[in-house]
Student: 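One structure follows; several queries about it will come next.
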Number of protein chains: 2
Amino acid sequence: MSDHEQRHTPTPPGHSGDALPPVEQHAQQYEAVRNAHETELIEDYVELIGDLIRHRGEARAADIANRMAVSQATVSKMIRRLNELGLVTSKPYRSLFLTEEGQKMAQTSRARHDVVLHFLRALGVDDSTARIDAEGMEHHVSDETLTIMQRFTEQQRTP
Amino acid sequence: MSDHEQRHTPTPPGHSGDALPPVEQHAQQYEAVRNAHETELIEDYVELIGDLIRHRGEARAADIANRMAVSQATVSKMIRRLNELGLVTSKPYRSLFLTEEGQKMAQTSRARHDVVLHFLRALGVDDSTARIDAEGMEHHVSDETLTIMQRFTEQQRTP
DNA sequence: GATAATTGTTAGCCAAGGCTAAACTGTTTG
DNA sequence: CAAACAGTTTAGCCTTGGCTAACAATTATC
Ligand SMILES: [Mn+2]
Ligand SMILES: [Mn+2]
Ligand SMILES: [Mn+2]
Ligand SMILES: [Mn+2]
């Protein structure tokens with residue numbers, strides 16, 4: 001088994017900082033991160049497609065490729081996946097549409113993204129930095145933290 | 001080229017929310033996230049190895065596997081990679097050590113991790129949630145944001 | 001309307017990061 | 001000290017998410 005850890009060096013001397021969390025809790029941290037990574041890119045695609053439709057009227061693969069700084073082949077392949085997942089509909093050589101489910105995901109992702117972005121700005125982070133940080137952070141923020149961020153942002157607005 | 005976006009639908013009607021950022025800036029967001037993902041796991045391994053050595057006196061592959069909730073084969077493979085990257089030294093069937101460079105990375109990663117964790121707690125996030133969120137967020141927080149988080153945490157401590 | 005330019009697709013390659021199964025080594029214990 | 005057990009490594013498999021090169025379709029231009 002894995003209760004090996006405990007036995008050898010009960011409390012090594014001269015170490016600073018917090019203790020290690022219990023194994024199960026520690027494991028849960030990394031598992032949560034791996035789970036987030038599984039859906040992260042899909043959420044970003046769906047969110048971007050939604051944004052392109054809202055702001056530009058349509059979402060084309062080339063625009064996605066440019067905005068993501070990725071090759072068109074990569075986008076094409078991902079679109080097939082989104083299709084199989086039931087998140088977008090697409091006819092060959094035509095622009096993209098979100099399914100019901102895709103629209104729901106886009107809306108959720110965008111809301112979350114906005115909360116994080118506005119929070120960072122409220123904290124005093126420069127806009128372009130806030131955008132970069134938010135793009136990554138958004139996928140690792142729990143509902144609990146999200147709520148607290150939102151509350152904080154609102155408080156800053158009305159002091 | 002890719003200035004296609006501008007031409008077709010100048011300003012589609014009835015959309016809410018912020019405008020899309022310029023293409024180059026938008027692309028930079030996603031690129032930054034991809035870059036972070038490249039080093040993320042390596043940082044987590046090195047940080048954990050450092051923590052195990054500090055708290056337990058040694059770092060063994062089985063402990064890493066347990067704490068990461070990953071198979072021992074996965075750990076073994078990753079250790080070879082860390083070796084090739086000059087971050088750890090290891091003799092077969094023996095426990096692990098960090099190189100100079102590995103120690104530097106462990107220290108930096110841990111410091112960053114702590115700032116994020118303490119910040120979340122100062123914000124009012126529950127400890128176990130804060131730990132989960134911090135594990136993912138830490139890799140997507142810029143130095144600028146990190147500094148601001150640290151300042152915020154200190155202010156909370158001395159009101 | 002023919003040709004050029006742009007956009008989209010397909011095929012095939014690669015690295016990262018998981019896994020299981022099997023073999024091997026080191027340690028503990030009867 | 002031999003056997004059993006625990007820990008480590010290796011081999012081989014899979015999925016994701018990138019890429020380039022070649023080809024196909026659409027759209028723009030003359
Ligand atoms: Mn987003
Ligand atoms: Mn994102
Ligand atoms: Mn960390
Ligand atoms: Mn981490």
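The figures that follow rest on heavy atoms only: side chains count, while hydrogens, waters and symmetry mates do not.
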Student: Rounded to whole angstrom units, what separation is found between the NE2 atom of His37(B) and the C1' atom of dA15(C)?
Tutor: 16 Å
Student: Whole Å only: how far is the CZ atom of Arg34(B) from the C1' atom of dC19(D)?
Tutor: 12 Å
Student: Glu58(A) CD to dT27(D) C1': how many Å, rounded?
Tutor: 12 Å
Student: If the sugar-phosphate is the primed atoms plus P, OP1 and OP2 and the base is the rest, what is the B/S/- string for nucleotides 9-15 of chain D, using protein heavy atoms under 4.0 Å?
Tutor: BB-----
Student: Over how many whole Å does the gap from Met68(A) atom CE to dG17(D) atom P extend?
Tutor: 11 Å
Student: Using a 4.0 Å heavy-atom cut-off, does Val70(A) contact any base of the nucleic acid, only the sugar-phosphate backbone, or nothing at all?
Tutor: sugar-phosphate
Student: Taking the side chain as C-beta and beyond, is there a heavy-atom pair between His139(B) and Thr39(B) under 4.5 Å?
Tutor: no
Student: Exactly one of His26(A), Gln29(A), Gln25(A) should register a side-chain hydrogen bond (donor to acceptor under 3.5 Å, both in side chains) with Arg67(B). Which one does?
Tutor: His26(A)
Student: Asn66(A) CG to dT7(C) C1': how many Å, rounded?
Tutor: 11 Å
Student: Can a donor-acceptor pair be found between the side chains of Glu43(A) and His113(A) at a distance below 3.5 Å?
Tutor: no
Student: Can a donor-acceptor pair be found between the side chains of Thr89(A) and Asn83(A) at a distance below 3.5 Å?
Tutor: no
Student: Could you tell me the separation between the CD atom of Glu40(B) and the P atom of dG17(D), rounded to a whole number of Å?
Tutor: 14 Å
Student: Atom CG of Asp63(B) to atom P of dG7(D): distance rounded to whole Å?
Tutor: 8 Å
Student: May I ask you to check whether His37(B) and Glu40(A) show a side-chain donor-acceptor distance below 3.5 Å?
Tutor: yes
Student: Decide yes or no for Leu82(A) and Ile49(A): does some side-chain heavy atom of the first lie under 4.5 Å from some side-chain heavy atom of the second?
Tutor: yes
Student: Rounded off to whole Å, could you give me the CD-to-P distance for the Glu38(B) and dC19(D) pair?
Tutor: 11 Å
